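All values below were derived from every heavy atom in this structure, side-chain atoms included, with hydrogens, water molecules and symmetry-related copies excluded. In what follows, chains carry the letters A, B, and so on, assigned in the order in which the sequence lines appear, proteins first and then strands, with residues in each chain numbered from 1. The structure displayed is predicted, hence computed values, not measured ones.
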Amino acid sequence: MSLKLSEQERFRREALDELQQLGIDPYPAEEYSINTTAQEILEKYPEDEKAFQDVQVAGRLMGRRIMGSASFAELQDSSGRIQLYFNRDEICPGEDKTFYNTVFKRLLDIGDIIGVKGHVFVTKMGEVTIHVKEYKILCKSLRPLPVVKEKDGKVYDAFKDPEQRYRQRYLDLIVNPEIRDTFRQRARLIQSMRNFLLNKEYLEVETPVLQPIYGGAAARPFKTYHNTLDTTLYLRIANELYLKRLIVGGYDGVFEFAKDFRNEGMSRFHNPEFTQMELYVAWKDYRWMMDMVEEMVEKISLDMHGTTKVKVGENEIDFKRPWKRFTMYGAIEHFTGVDVSQMSEEEMRAAAREMGVETDETMGRGKIIDEIFGEKCEGLLIQPTFITDYPIEMSPLAKKHREMPGLVERFEAVCNGKEICNAFSELNDPVDQRARFEEQIELGRRGDPEAMVLDEDFLRAIEHGMPPTAGLGIGIDRLAMILTNSNSIQDVLFFPQMRPDKSSSAESETSDLGDAGIPDEWVPVFQKAGFTSAASLKDANPNKVFNQLCGLRKKLKLDMPAPKPEDVKQWIENVK
RNA sequence: GACUUGGUAGCUCAGCUGGUAGAGCACAUCCCUUUUAAGGAUGGGGUCCUGGGUUCGAGCCCCAGCCAAGUCACCA
């Protein structure tokens with residue numbers, strides 16, 4: 001038994017041993033069939049008191065109130081919590097009361113998983129409760145759970161430290177039921193979107209995550225290596241170029257829910273891996289795509305909430321069509337009162353300075369526009385809004401605007417002050433596409449780490465001809481944040497990326513104490529005493545160490561003979 | 001990457017001007033044979049994030065580091 005265990009963990013392991021000595025398997029192999037859930041009982045029982053007279057449910061024990069021969073407990077299953085009533089003489093009809101007195105009262109703990117059989121009734125306090133006739137241990141838990149209590153909506157001792165919640169999401173899910181709900185909603189979002197797209201008969205596809213050339217977005221990639229091919233591969237930053245190859249191949253509509261990876265900063269809006277749904281539809285343009293996005297997101301909101309109105313922080317966002325539309329120039333004029341559409345680069349730089357937007361020499365006209373928009377407009381757009389017609393410099397994969405030179409046919413939807421999607425009329429002119437890639441290469445040469453790389457095979461594909469196509473990328477995590485009223489992307493990802501936790505990995509490190517001749521069973525005692533390595537023992541006083549070891553042996557009730565003083569002296573000599 | 005705040009028992013948190021490490025829940029033992037966060041009594045439980053420094057003495061002050069959260073920068 002490891003000495004690193006806390007007292008409560010030791011008690012639980014002792015209980016586990018005792019259960020086994022009583023002939024009870026704490027981890028039975030056979031299935032435990034249930035015929036209802038906590039939620040179903042709580043919803044339906046009051047109407048139909050004759051129902052639920054023979055229920056079987058299973059879940060985790062979340063609280064107990066023991067009073068002698070009768071006890072109440074709380075069982076939590078995937079649907080919710082329900083109270084259990086245990087009565088000694090019903091659990092143990094015969095003379096032997098062990099299964100109640102010892103097993104239930106002493107050997108079970110909060111966090112254990114049990115199955116119960118019985119009938120439903122209402123207590124005199126008015127709570128729907130399962131009167132337990134039989135119970136079975138399905139899994140003994142060896143670690144204490146954070147105990148969260150609640151009354152009248154007020155939560156006591158809430159488990160809310162974000163670091164622990166994210167690192168040990170399972171605990172978060174156990175004790176904070178609303179978290180389980182958030183992820184159900186996220187699943188509903190994805191399901192709704194998928195159904196919407198499948199109904200339109202688009203093909204759901206899968207394309208490579210490992211790519212020899214990364215492309216389709218301006219971002220820095222993760223780099224990896226394939227042994228057999230002896231080649232560098234990148235984790236995709238987007239799947240755009242692959243999906244367009246499929247449009248070249250003749251499909252009318254393809255989409256993918258894609259995990260993408262970007263080797264960039266992290267924040268409450270950015271995780272290194274995130275999910276994006278990309279969709280490409282042949283014969284369409286960006287105007288058509290705007291209508292489609294509105295329709296789709298409105299539908300998702302209705303499917304999730306039954307309404308187009310969603311509360312997000314302080315705001316109520318309404319996804320009802322039609323959404324507001326601004327050109328990028330129009331948005332800047334609307335929010336700043338300055339019409340920049342006809343300005344030269346120099347005039348625009350001056351205008352930016354006047355608005356308090358910082359620019360530097362490397363920024364071209366397009367970049368300055370983007371900067372002004374980002375600083376002065378984006379954050380103010382709370383209701384879903386389309387921003388259209390972007391400067392060409394920022395969009396090497398979008399088609400030139402049909403009317404306005406210098407712009408491309410691109411839109412983003414902004415909602416709650418953040419971009420949620422990005423779309424364009426896809427560039428299918430291979431000569432123009434090659435020229436745009438070459439501009440990117442030039443940017444790369446000048447040191448832009450996010451400049452795109454030229455993908456010769458992609459160019460070859462569109463040289464064969466790609467139909468006019470509208471393309472869309474929509475950030476699933478961002479959308480999930482809005483639709484679940486979550487303040488951080490980490491709240492809509494089960495396992496957000498965290499820096500590895502050093503303290504936990506150090507625990508399993510092996511020690512070189514054994515090399516000094518210290519028997520295996522004493523190594524952990526040395527560690528407990530603060531001697532984690534042979535070197536740390538070098539200057540120790542043998543008498544003091546001996547006393548420490550004996551003290552720990554007594555304190556921890558170790559079942560092994562005390563070491564002899566000369567042994568301890570010898571071990572320390574060995575180290576020197 | 002920068003700045004701010006934080007890290008103390010299984011969980012939530014106190015901890016004064018630097019002077020023997022505290023509470024509630026949880027846990028154990030006993031009493032009570034009883035329900036609604038919490039019946040009573042008693043008790044056990046600590047690498048005060050890590051490493052240095054100042055000091056007679058550091059959870060507290062100083063320096064360095066680790067981890068997180070928030071804000072900013074970059075980005076979706």
- Query: If you measure from OG1 on A:Thr98 to CD1 on A:Ile91, what distance do you get to the nearest 0.5 Å?
  - Reply: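 So the gap between those two atoms works out to 13.0 Å.
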- Message: At a heavy-atom distance below 4.0 Å, what parts of residues 476-490 of chain A sit against RNA chain B?
- Response: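 Those residues whose heavy atoms fall under 4.0 Å from RNA chain B, taken from residues 476-490 of chain A in numerical order, are A:Arg478, A:Gln490.
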- Query: Taking the six-membered ring for Trp, are the ring centroids of A:Phe72 and A:Phe86 within less than 6.0 Å of each other?
  - Reply: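 Ring centres of A:Phe86 and A:Phe72 not closer than 6.0 Å.
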- Query: According to a strict under-4.0 Å criterion, is A:Arg268 in side-chain N/O contact with OP1 or OP2 of B:G70?
  - Reply: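 Answer is no, no contact under 4.0 Å.
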- OP1 or OP2 of B:C67 less than 4.0 angstrom from a side-chain nitrogen or oxygen of A:Arg167, does that happen here?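 False: A:Arg167 side-chain N/O out of range (4.0 Å or more) of B:C67 OP1/OP2.
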Need one value for [X]: base, sugar-phosphate or nothing, where a base atom within 4.0 Å counts as base even if backbone is also close, heavy atoms only.
| X | value |
| --- | --- |
| A:Asn101 | nothing |
| A:Glu419 | sugar-phosphate |
| A:Tyr156 | base |
| A:Ser71 | nothing |
| A:Lys259 | nothing |
| A:Arg106 | sugar-phosphate |

- Message: Which residues pass the side-chain contact (heavy atoms from CB on, under 4.5 Å) test with A:Ile382, not counting sequence neighbours?
- Response: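 Residues passing side-chain contact (heavy atoms from CB on, under 4.5 Å) with A:Ile382: A:Asn315, A:Ile317, A:Asn416.
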- Query: Would you call the rings of A:Phe494 and A:Phe183 parallel, tilted or perpendicular if under 30° counts as parallel and over 60° as perpendicular?
  - Reply: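 Correct class here is parallel.
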- Aromatic ring pairing A:Phe121/A:His119, orientation class (parallel under 30°, perpendicular over 60°, tilted between):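 Rings of A:Phe121 and A:His119: tilted, as their planes differ by 30° to 60°.
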Counting only Watson-Crick pairs (N1-N3 plus N6-O4 or O6-N4) and G-U wobbles (N1-O2, O6-N3), all under 3.5 Å, who is the partner of [N]?
| N | value |
| --- | --- |
| B:C27 | B:G43 |
| B:U4 | B:A69 |
| B:C48 | none |
| B:U36 | none |

Whole-angstrom distance between [N] and [M], as gauged at atom [atom1]:
| N | M | atom1 | result |
| --- | --- | --- | --- |
| B:G19 | B:C66 | P | 30 Å |
| B:C16 | B:C61 | C1' | 15 Å |
| B:A76 | B:G6 | P | 34 Å |
| B:A69 | B:G44 | P | 38 Å |
| B:G59 | B:A38 | P | 37 Å |
| B:G40 | B:G52 | C1' | 49 Å |
| B:A23 | B:G43 | C1' | 16 Å |
| B:G45 | B:U71 | C1' | 39 Å |

- Query: Nucleotide by nucleotide, 5' to 3', does protein get under 4.0 Å of the base (B), only the sugar-phosphate (S), or neither (-) in nucleotides 5-15 of chain B, counting heavy atoms?
  - Reply: -----BSSS--
- Task: Taking atom types as modelled, find out whether A:Asp172 and A:Tyr170 have a side-chain donor-acceptor pair closer than 3.5 angstrom.
- Result: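 No, because no side-chain N or O of A:Asp172 sits under 3.5 Å from a partner of the opposite role on A:Tyr170.
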- Message: On RNA chain B, compare the nucleotides closest to A:Phe11 and A:Glu412; which residue's is nearer the 5' end?
- Response: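 Here A:Phe11 is the residue nearer the 5' end.
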- Message: Return whichever of A:Ser69 or A:Ser267 has its heavy-atom-nearest nucleotide of RNA chain B closer to the 5' end.
- Response: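 Going by which nucleotide is closer to the 5' end, it is A:Ser69.
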- Task: Using the side-chain hydrogen bond (donor to acceptor under 3.5 Å, both in side chains) rule, take A:Arg410 and A:Asn422 through it: C-alpha gap first, then chi angles, then the decisive distance, then the call.
- Result: CA-CA 7 Å; A:Arg410 169 179 174 183; A:Asn422 183 11; 3.0 Å; yes
- Query: A:Arg65 has a side chain; which of B:U35, B:A26, B:C74 sits nearest to it?
  - Reply: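 Output: B:U35.
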- Message: Under the ring-ring contact (aromatic ring centres under 6.0 Å, His included) definition, can you give me all pairs with a residue in residues 361-392 of chain A, not counting sequence neighbours?
- Response: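 Sorted result for residues 361-392 of chain A: A:Trp323-A:Phe386, A:Phe386-A:Phe411.
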- Item | Donor-acceptor pair, side chain of A:Glu393 and main chain of A:Gly366, under 3.5 angstrom |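 Yes, A:Glu393 side chain to A:Gly366 backbone: donor-acceptor pair under 3.5 Å.
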- Go through the N and O atoms of the side chain of A:Gln83 and the base of B:U36, and report whether any donor-acceptor pair is under 3.5 Å.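 By the distance-only test, yes, there is a pair.
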- Pairs meeting criterion side chain to side chain donor-acceptor pair (under 3.5 Å) with involvement of residues 365-379 of chain A, two or more places apart: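 As it turns out, the side chain to side chain donor-acceptor pair (under 3.5 Å) pairs with a partner in residues 365-379 of chain A, which skip direct neighbours, are A:Tyr329-A:Arg365.
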- Is there any salt bridge (charged side-chain N to carboxylate O under 4.0 Å, His left out) pair reaching into residues 91-103 of chain A, and which pairs are they, with sequence neighbours excluded?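 Every salt bridge (charged side-chain N to carboxylate O under 4.0 Å, His left out) pair that includes a residue of residues 91-103 of chain A, provided the two are not neighbours, is A:Asp89-A:Lys97.
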